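Computed from heavy atoms alone, side chains included, the values below leave out hydrogens, waters and symmetry copies. Small disclaimer: the values here were computed from a predicted structure and weren't measured. Numbering of residues begins at 1 and proceeds along the displayed sequence.
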Amino acid sequence: MRHRPKRSPSQRYRVEQFLPYLESKDVSYEYVFLLNKEDDKIFYSNKVFFKKIFVILKSFFKLLYLVIFKVKKFERAFIQKELFFIGPPIFEKLISKQTKLVYDFDDAIWMRDVSEGNKKFAFLKNSDKTKQIIMVADQVIVGNEFLKKYALKYNQKVEIIPTCVDTDKYKRSIPYSNKENICIGWSGSQTTIKHFDLLSEVLIDIKEKYKEKICFKVIGDENYYNKVLDIKGEKWKYEKEKSNLEEIDIGLMPLPNDKWSEGKCGLKGLVYMSMEIPAILSPVGVNKDILKNNEGGYLCLTDDEWIHTLSELIENFELRKEVGINGRNIVLNKYSIKKNKESFYRTIFV
């Protein structure tokens, strides 16, 4: 893995949540990651160029040691997205020659999408890397049909396991109440805050319409500031994630209608829904499967649709409650750990 436990949403929701179930099946494993907390800060910083080079070199030799001395002791190696930050999949190919390789990804990662702090290194990214890893994998796991169609071009052993939510953890613990001040919220990261800004004009109209009746909350980018909407972003912290979400009355997941978004697996919306937060999603990719016929949440494309739906939810407490409960039921029935843990186990080991 690239990140330490509890750091990366993709790793947390697609791998780490299943580990207790694997343990219950007497599976032993070693969780290996490249970036510790300090290296993480350096790697995603806009500055400290030479320190960043040092982190990359340290990670390279850590992987080299892993491949030479440790991988062959294991029956399988599970890789999520990629092992190394740049260049071709040298380590993945070496691992595939020593043990069975299981490869998981939940984004259209063959397309270039580089963090703000590493845009100058974008030319070092290998656009064929995902394809090459798929080709040497013994089993490929993806998050949706769009990703499966891509993977099947290069490997016939492809299974869909949707991005899942731990519904025992992500559940409402505060009773519904008909609040006077409605909080409209978004949870994401510094790399996805641009998606929240797609709704700037919509939210300005909503702010003008409802004034002090509403407020906004942005989780995941502490550098974000919007004076017109009176929003100061908050840093995402694992320890505060649930309590921050519980302050939100309506959850937003706007996305651009492009190929990168087609690869998204709906995590943001699913977490809202698991928490019984009525969710409004862009009708892109897997979102259309999650919320068929606007049951358990809403799909909105145009600004008018967003404004109309937000207005309905702001004005109607019973509707917010009903949509929230229906949304959680969708997650429980299809996108929960309980519903998918056996499929995860069998895909890897049977």
Side-chain angles (χ1 to χ4, degrees), residues 1-16 30-70 79-92 94-95 104-130 132-133 186-197 218-227 231-241 244 260 264 267-268:
M1 306 294 176
R2 177 180 295 184
H3 297 289
R4 64 193 186 278
K6 300 180 180 179
R7 160 62 174 83
S8 162
S10 185
Q11 290 174 198
R12 285 170 52 218
Y13 286 93
R14 294 197 61 79
V15 185
E16 294 170 28
E30 183 174 344
Y31 189 112
V32 180
F33 62 92
L34 294 185
L35 300 175
N36 60 33
K37 191 172 184 179
E38 186 59 35
D39 290 343
D40 188 289
K41 290 180 182 178
I42 294 170
F43 185 77
Y44 290 102
S45 169
N46 287 314
K47 301 178 182 178
V48 294
F49 176 80
F50 290 105
K51 287 185 177 181
K52 189 173 294 192
I53 296 298
F54 175 75
V55 168
I56 292 173
L57 288 173
K58 184 170 75 169
S59 298
F60 177 88
F61 286 109
K62 185 173 183 177
L63 281 173
L64 191 61
Y65 174 82
L66 175 73
V67 169
I68 294 174
F69 296 106
K70 300 190 74 172
I79 295 173
Q80 217 273 323
K81 288 192 174 179
E82 65 179 358
L83 283 178
F84 200 51
F85 321 103
I86 56 176
I90 298 170
F91 295 107
E92 289 89 349
L94 290 172
I95 288 172
D104 174 89
F105 63 101
D106 64 335
D107 279 312
I109 54 175
W110 61 91
M111 302 177 187
R112 287 195 175 189
D113 190 66
V114 183
S115 66
E116 193 65 33
N118 289 306
K119 282 192 173 180
K120 65 183 72 172
F121 295 104
F123 71 97
L124 295 173
K125 299 289 282 186
N126 182 350
S127 58
D128 285 336
K129 190 172 189 176
T130 306
Q132 292 168 0
I133 300 173
W186 177 91
S187 178
S189 67
Q190 292 179 335
T191 57
T192 57
I193 190 67
K194 58 191 175 185
H195 298 157
F196 174 76
D197 276 336
V218 165
I219 307 165
D221 185 358
E222 67 272 30
N223 299 312
Y224 182 79
Y225 178 67
N226 188 311
K227 184 177 180 180
I231 303 174
K232 175 68 176 72
E234 299 180 36
K235 184 176 182 178
W236 180 89
K237 291 184 179 180
Y238 178 79
E239 300 78 12
K240 293 183 63 179
E241 181 183 29
N244 273 330
W260 175 262
K264 304 298 286 182
L267 173 61
K268 197 189 314 296

Open item on the list: Give me the atom names and distance for the closest heavy-atom approach of K268 to G188.
Closed with: NZ-CA, 3.7 Å

Task: side chain to side chain contact (heavy atoms under 4.5 Å, CB included) between K235 and Q190, worked out - done: CA-CA 9 Å; K235 184 176 182 178; Q190 292 179 335; over 6 Å; no

Task: Inter-residue atom distance S187.OG - F196.CZ, 0.5 Å rounding - done: 11.5 Å

Open item on the list: Between R7 and E16, does any NZ, NE, NH1 or NH2 come within less than 4.0 Å of an OD or OE carboxylate oxygen?
Closed with: no

TODO: Enter the distance from Q132:CD to W110:CH2 here, rounded to the nearest 0.5 Å.
DONE: 14.5 Å

Task: Whether over 12 other heavy atoms sit under 6.0 Å from Y31 OH - done: yes

Task: Full working for side chain to side chain contact (heavy atoms under 4.5 Å, CB included) between V218 and E234 - done: CA-CA 6 Å; V218 165; E234 299 180 36; over 6 Å; no

TODO: Evaluate the side-chain proximity of E241 to K6: yes if any heavy-atom separation is below 4.5 Å, no if none is.
DONE: no

Open item on the list: If you apply the rule side chain to side chain contact (heavy atoms under 4.5 Å, CB included), what do you find for H195 with T192, and how did you get there?
Closed with: CA-CA 6 Å; H195 298 157; T192 57; 3.9 Å; yes

Task: Under 3.5 Å donor-acceptor, D107 side chain and I109 backbone - done: no

Task: Smallest separation among heavy atoms of D39 and K58, with atom names - done: OD2-NZ, 2.6 Å

Listing, residues 59-69 side-chain donor-acceptor contacts under 3.5 Å, not counting sequence neighbours, or none:
unit_1, atom_1, unit_2, atom_2, d
S59, OG, V55, O, 2.9
K62, NZ, F33, O, 2.5

Task: Any residue meeting ring-ring contact (aromatic ring centres under 6.0 Å, His included) with H3, in chain and number order, not counting sequence neighbours - done: Y44

- [ ] Before giving the answer on side chain to side chain contact (heavy atoms under 4.5 Å, CB included), spell out for S45 and V48 the whole-Å C-alpha distance, their side-chain angles and the decisive distance to 0.1 Å.
- [x] CA-CA 7 Å; S45 169; V48 294; 3.8 Å; yes

Open item on the list: Using the ring-ring contact (aromatic ring centres under 6.0 Å, His included) criterion, which residues pair with F105? Sequence neighbours excluded.
Closed with: Y103

TODO: Could you tell me the separation between the NZ atom of K52 and the CZ atom of F85, rounded to the nearest 0.5 Å?
DONE: 10.5 Å

Open item on the list: Within this structure, what is the CD1-NZ distance for the pair I219 and K240, rounded to the nearest 0.5 Å?
Closed with: 9.0 Å

TODO: For I56 and F43, work out which heavy atoms get closest and say how close.
DONE: CG1-CE1, 4.0 Å

Task: Taking every non-hydrogen atom, the tightest pair across I79 and I95 - done: CD1-CD1, 4.4 Å

TODO: Nearest 0.5 Å please: distance from the CG atom of L267 over to the CG atom of D106.
DONE: 8.0 Å

Task: Rounded distance (nearest 0.5 Å) linking atom CZ of R4 with atom CG of L35 - done: 8.5 Å

Open item on the list: Assess whether a salt bridge exists between E222 and K232, defined as any Lys/Arg side-chain N lying under 4.0 Å from an Asp/Glu carboxylate O.
Closed with: no

Task: Test applied, side chain to side chain donor-acceptor pair (under 3.5 Å); reference residue, D104; option that passes from R14, Q11, K81 - done: R14

Task: Nearest heavy-atom neighbours spanning Q80 and S10 - done: NE2-OG, 2.8 Å

Task: Y224 versus I193, closest heavy-atom pair with distance - done: CD1-CG1, 3.4 Å

